[in-house]
Amino acid sequence: MANEFIGSFPIEDTIRGRKSIRTYKIQSLIEEDKEKLLDFAQTITSPFSSDIRLQLLHRQQGTDNEKLGTYGVIKGASDYITAVIQNTQEDLLALGYSMEVFVLYASSLGLGTCWLGGTFNRSSFIKALQCKENEIIPIVSPIGYPSERLGLNDKMFRTFAQSAKRNPWDTMFFDQSFKKPLNPENAEDYRFPLDMVRLAPSASNKQPWRIIKNGHRWDFYKKRGYGDKLKFDMDSIDLGIAVSHFHLAVMEKDLKGRFVKTEEGIQQEQGLDYLISWQEEK
Ligand SMILES: Cc1cc2nc3c(=O)[nH]c(=O)nc-3n(C[C@H](O)[C@H](O)[C@H](O)COP(=O)(O)O)c2cc1C
């Protein structure tokens with residue numbers, strides 16, 4: 001895998017600095033930023049079998065932007081990151097991965113973003129992007145210049161989702177079995193990648209990722225959260241996001257390995273689905 005995008009931005013500072021922004025200056029993306037973003041988008045590859053094509057969509061304020069709505073959750077933005085995909089688990093994982101790498105790059109340029117899986121008018125985007133019958137737009141994100149002051153919309157959402165908080169390590173990372181939490185000290189070189197996973201954004205801040213250290217392999221599972229409530233599996237998008245943070249962190253620290261999908265040693269646990277593993281290579 002090429003991973004050309006590594007080195008394009010500082011991984012840890014960007015991950016720590018990113019947060020969802022819902023209030024923007026009323027200003028379109030300037031050409032220079034747009035160009036940087038589009039060039040960067042070309043370099044993104046994911047460990048999943050699907051290829052996701054990210055697009056920027058511009059809407060004039062005060063015209064059809066109202067129709068391309070976010071139910072008032074997002075204020076001021078007129079540019080959006082979008083991707084049209086098929087409704088398969090691979091596409092959803094790849095979407096989570098590629099879009100988060102893009103979001104982090106945007107963040108490193110000082111731009112604001114906010115993943116939207118629920119609070120946007122999907123049909124208006126489907127029309128604007130001319131989706132085919134077998135395609136969906138599960139997620140969009142505004143992209144723009146953050147307003148200097150957080151709006152009430154931001155404050156309400158952040159309080160509601162407890163956005164500043166993350167679950168403790170012992171509820172998400174495990175050692176050989178789901179019965180034994182992984183102590184950060186025992187994670188050794190992988191403490192950093194797991195810390196970066198922990199800071200990932202997720203829908204309603206549910207953080208559905210569960211990771212087991214299985215010898216020299218790290219098995220990623222997703223906790224079923226949204227279940228069948230939506231027409232697509234939101235939890236898979238969250239897992240794609242977590243995998244991107246893990247992968248960026250291992251690449252940053254030059255930890256050798258590769259993603260594999262295996263049946264060997266995979267544990268059956270109620271409410272959890274296995275997705276992918278990182279196999280360390282010495
Ligand atoms: C897949 C996904 C879907 C999301 N959907 C929405 C949404 O519909 N509306 C919204 O305001 N925020 C949405 N969010 C933002 C989360 O609430 C936010 O990431 C989480 O609370 C953590 O906050 P942070 O991003 O500031 O770290 C979504 C995030 C993800 C990853």
Side-chain angles (χ1 to χ4, degrees), residues 12-24 46 48 52 54 68-77 80-83 85 87 89 91-108 110-125 136-144 146-147 150-167 172 195-209 220 222-227 229-246 248 275:
E12 181 169 8
D13 286 355
T14 309
I15 287 179
R16 290 194 186 280
R18 183 217 57 84
K19 67 174 185 182
S20 296
I21 301 291
R22 298 178 178 83
T23 322
Y24 293 84
S46 92
F48 304 106
I52 299 302
L54 298 170
L68 200 66
T70 61
Y71 310 122
V73 171
I74 302 299
K75 307 274 190 209
Y80 286 83
I81 313 166
T82 62
I85 65 164
N87 196 1
Q89 185 170 71
D91 269 23
L92 291 160
L93 287 165
L95 171 66
Y97 183 102
S98 297
M99 193 148 148
E100 178 64 2
V101 171
F102 191 74
V103 155
L104 289 171
Y105 176 67
S107 210
S108 76
L111 295 165
T113 56
C114 181
W115 288 80
L116 297 179
T119 55
F120 76 100
N121 177 350
R122 198 161 264 112
S123 58
S124 62
F125 280 87
I136 57 168
I137 304 173
I139 286 287
V140 299
S141 167
I143 179 164
S147 154
L150 285 187
L152 192 61
N153 49 332
D154 269 295
K155 287 183 191 146
M156 271 169 54
F157 240 95
R158 295 194 69 75
T159 309
F160 168 73
Q162 302 239 320
S163 295
K165 293 195 179 151
R166 291 297 185 269
N167 293 333
M172 299 195 287
D195 271 336
M196 293 301 103
V197 166
R198 205 173 150 256
L199 297 175
S202 58
S204 306
N205 206 18
K206 279 179 192 276
Q207 308 161 63
W209 41 82
F220 287 67
K222 80 174 163 69
K223 182 167 189 273
R224 278 172 237 143
Y226 279 88
K229 279 186 220 138
L230 299 165
K231 291 199 174 113
F232 61 92
D233 179 21
M234 186 81 89
D235 307 317
S236 289
I237 299 180
D238 284 342
L239 257 290
I241 296 174
V243 169
S244 80
H245 280 215
F246 184 91
L248 288 167
L275 288 176

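As the structure lists them, so they are numbered: ligands from 1, and atoms in each ligand from 1.
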(message) Closer than 4.0 Å to some heavy atom of Ala161 - which atoms of ligand 1 meet that?
(response) 21 (O)
(message) For Phe157, give me all partners under ring pair (Phe, Tyr, Trp, His ring centres under 6.0 Å), at least two apart in sequence or on another chain.
(response) none
(message) Take a 6.0 Å sphere around NZ of Lys206 and say whether it holds more than 12 heavy atoms from other residues, nucleotides or ligands.
(response) yes
(request) Please confirm whether the backbone N or O of Ser202 pairs with a side-chain atom of Asp238, one donor and one acceptor, at under 3.5 Å? (result) no
(request) With heavy atoms of Ile241 as the reference, note each atom of ligand 1 found under 4.0 Å away. (result) 31 (C)
(request) Check the side chains of Asn167 and Arg198 for a donor-acceptor pair under 3.5 angstrom, ignoring hydrogens and angles. (result) no
(message) Tell me the protein heavy atom at minimum distance from atom 9 (N) of ligand 1, and give that distance in Å.
(response) Thr119 OG1, 2.8 Å
(request) Go through ligand 1 atom by atom and flag the ones less than 4.0 Å from a non-hydrogen atom of Arg158. (result) 26 (O)
(message) Looking only at protein heavy atoms, which one is nearest to atom 25 (O) of ligand 1, and what is the separation?
(response) Ser20 OG, 2.6 Å
(request) List every atom of ligand 1 that sits less than 4.0 Å from any heavy atom of Gly117, numbering the atoms from 1 in the order shown and giving each element. (result) 3 (C), 4 (C), 5 (N), 6 (C), 7 (C), 8 (O)
(message) Quick check on contacts: which atoms of ligand 1 are under 4.0 angstrom from a heavy atom of Val73?
(response) 11 (O)
(request) With atom 16 (C) of ligand 1 as the reference point, say which of Ser163, Ser202, Gly118 has the nearest heavy atom. (result) Ser202
Validation: residues 99-108 side-chain donor-acceptor distances under 3.5 Å, sequence neighbours left out:
unit_1 : atom_1 : unit_2 : atom_2 : d
Glu100 : OE1    : Trp115 : NE1    : 3.1
Glu100 : OE2    : His245 : NE2    : 2.6
Ser108 : OG     : Tyr105 : O      : 2.6

(message) Below 4.0 Å, non-hydrogen atoms only: which portion of Met156 touches ligand 1? Side chain, backbone, both or neither.
(response) neither
(request) Take every heavy atom of Arg166, measure it against each atom of ligand 1, and state whether any distance is under 4.0 Å. (result) yes
(request) Ignoring angles and geometry beyond distance, decide whether Arg22 reaches within less than 3.5 Å of ligand 1 through its nitrogen or oxygen atoms. (result) yes
(message) Give me the residue, atom name and distance of the protein heavy atom closest to atom 19 (O) of ligand 1.
(response) Pro201 CB, 3.3 Å
(request) If you have a sec, work out which protein heavy atom is nearest atom 28 (C) of ligand 1 and how many Å separate them, to one decimal? (result) Trp115 O, 3.2 Å
(message) Are Asn87 and Leu92 packed together at the side-chain level, in the sense that at least one heavy-atom pair is separated by less than 4.5 angstrom?
(response) yes
(request) Have a look at ligand 1 and work out which part of Phe157, if any, has a heavy atom under 4.0 Å from it: side chain, backbone, both or neither. (result) side chain
(message) Under 4.0 Å from a heavy atom of Ala203: which atoms of ligand 1 are those, numbered in the order shown and with their elements?
(response) 1 (C), 2 (C), 3 (C), 4 (C), 28 (C), 29 (C), 30 (C), 31 (C)
(message) In the structure I gave you, are the side-chain heavy atoms of Arg122 and Lys231 within less than 4.5 Å of one another anywhere?
(response) no
(request) Compare all side-chain heavy atoms of Pro138 with those of Ile85 and state whether any distance is below 4.5 angstrom. (result) yes
(request) Locate the shortest heavy-atom distance separating Ser98 from Leu54; write the atom from each residue and the value. (result) O-CD1, 3.8 Å
(message) Using the ring centroid of each side chain, check whether Phe125 and Tyr80 are separated by less than 6.0 Å.
(response) yes
(message) Under 4.0 Å from a heavy atom of Arg18: which atoms of ligand 1 are those, numbered in the order shown and with their elements?
(response) 24 (P), 25 (O), 27 (O)
(message) In the structure I gave you, are the side-chain heavy atoms of Arg18 and Pro201 within less than 4.5 Å of one another anywhere?
(response) yes
(request) Could you tell me which atoms of ligand 1, counted from 1 in the order shown, lie closer than 4.0 angstrom to a heavy atom of Asp238? (result) 1 (C), 31 (C)
